[in-house]
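Along the sequence shown, residues are numbered consecutively beginning with 1.
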Amino acid sequence: MNDYFAYELVSTAKPLDNGRLDIVFRNGRRGVFDCTPYFSDKYWSRLAEPAFFNLVSVDHGTLTWPGDVDIAPEEVWRDSISVTTKAKQ
């Protein structure tokens with residue numbers, strides 16, 4: 001397996017407010033991914049429904065929802081905003 005891909009696969013995704021997801025990648029990088037730009041596209045339009053949006057899961061490093069709705073991990077990696085967490089004191 002190419003190491004490049006290991007660094008962009010999603011490990012966990014947690015819904016936040018306003019169509020955003022708290023993402024942790026397999027390499028440990030953490031970020032916030034804004035899904036709202038996808039809402040206007042017919043394929044992803046159901047993501048605008050909070051109850052549907054909250055059904056997000058991760059399948060083999062890809063964000064997925066019921067009905068074969070997904071977002072490629074390379075898009076999530078490229079477009080997420082990195083966040084840092086405070087070290088435990």
- Heavy-atom distance under 4.5 Å between the side chains of Tyr43 and Asp70, does that happen here? yes
- Message: Does Val56 form a side-chain contact (heavy atoms from CB on, under 4.5 Å) with Thr64? I'd like the steps, not just the answer.
- Response: CA-CA 6 Å; Val56 66; Thr64 63; over 6 Å; no
- ring pair (Phe, Tyr, Trp, His ring centres under 6.0 Å) assessment of Phe25 paired with Trp77: CA-CA 8 Å; Phe25 295 92; Trp77 176 260; 4.9 Å; yes
- Nearest non-hydrogen partners of Pro73 and Gly61, listed with the distance: CB-O, 3.2 Å
- Message: Would a single hydrophobic cluster contain both Val24 and Val58, if residues Ile, Leu, Val, Met, Phe, Trp and Tyr are joined by side-chain heavy-atom contacts under 4.5 Å?
- Response: no
- How many angstroms lie between atom CG of Asp34 and atom CD1 of Ile81, to the nearest 0.5 angstrom? 7.5 Å
- Message: Is any side-chain heavy atom of Arg46 closer than 4.5 Å to one of Val69?
- Response: no
- Taking every non-hydrogen atom, the tightest pair across Leu21 and Phe53: CD2-CZ, 3.5 Å
- Message: Show the nearest heavy-atom pair for residues His60 and Leu9, with the distance to one decimal.
- Response: O-CD2, 4.2 Å
- Query: Do the side chains of Tyr38 and Ser45 get nearer than 4.5 Å, heavy atoms only?
  - Reply: no
- With Ala72, which residues qualify under side-chain contact (heavy atoms from CB on, under 4.5 Å), at least two apart? Glu74, Glu75
- Atom pair CG (Asn54) and NZ (Lys14), whose distance is rounded to the nearest 0.5 Å: 11.0 Å
- Query: Out of curiosity, Thr36 OG1 to Asn18 CG, how far, rounded to the nearest 0.5 Å?
  - Reply: 8.5 Å
- Query: So do Ile71 and Leu47 actually touch side chain to side chain, heavy atoms under 4.5 Å?
  - Reply: yes
- Are any of the side-chain heavy atoms of Leu63 and Ile23 separated by less than 4.5 Å? yes
- Query: Is a donor on one side and an acceptor on the other found under 3.5 Å between the side chain of Trp65 and the backbone of Ser57?
  - Reply: no
- With distance as the sole criterion, is a donor-acceptor pair present between the side chains of Arg29 and Ser80 under 3.5 Å? yes
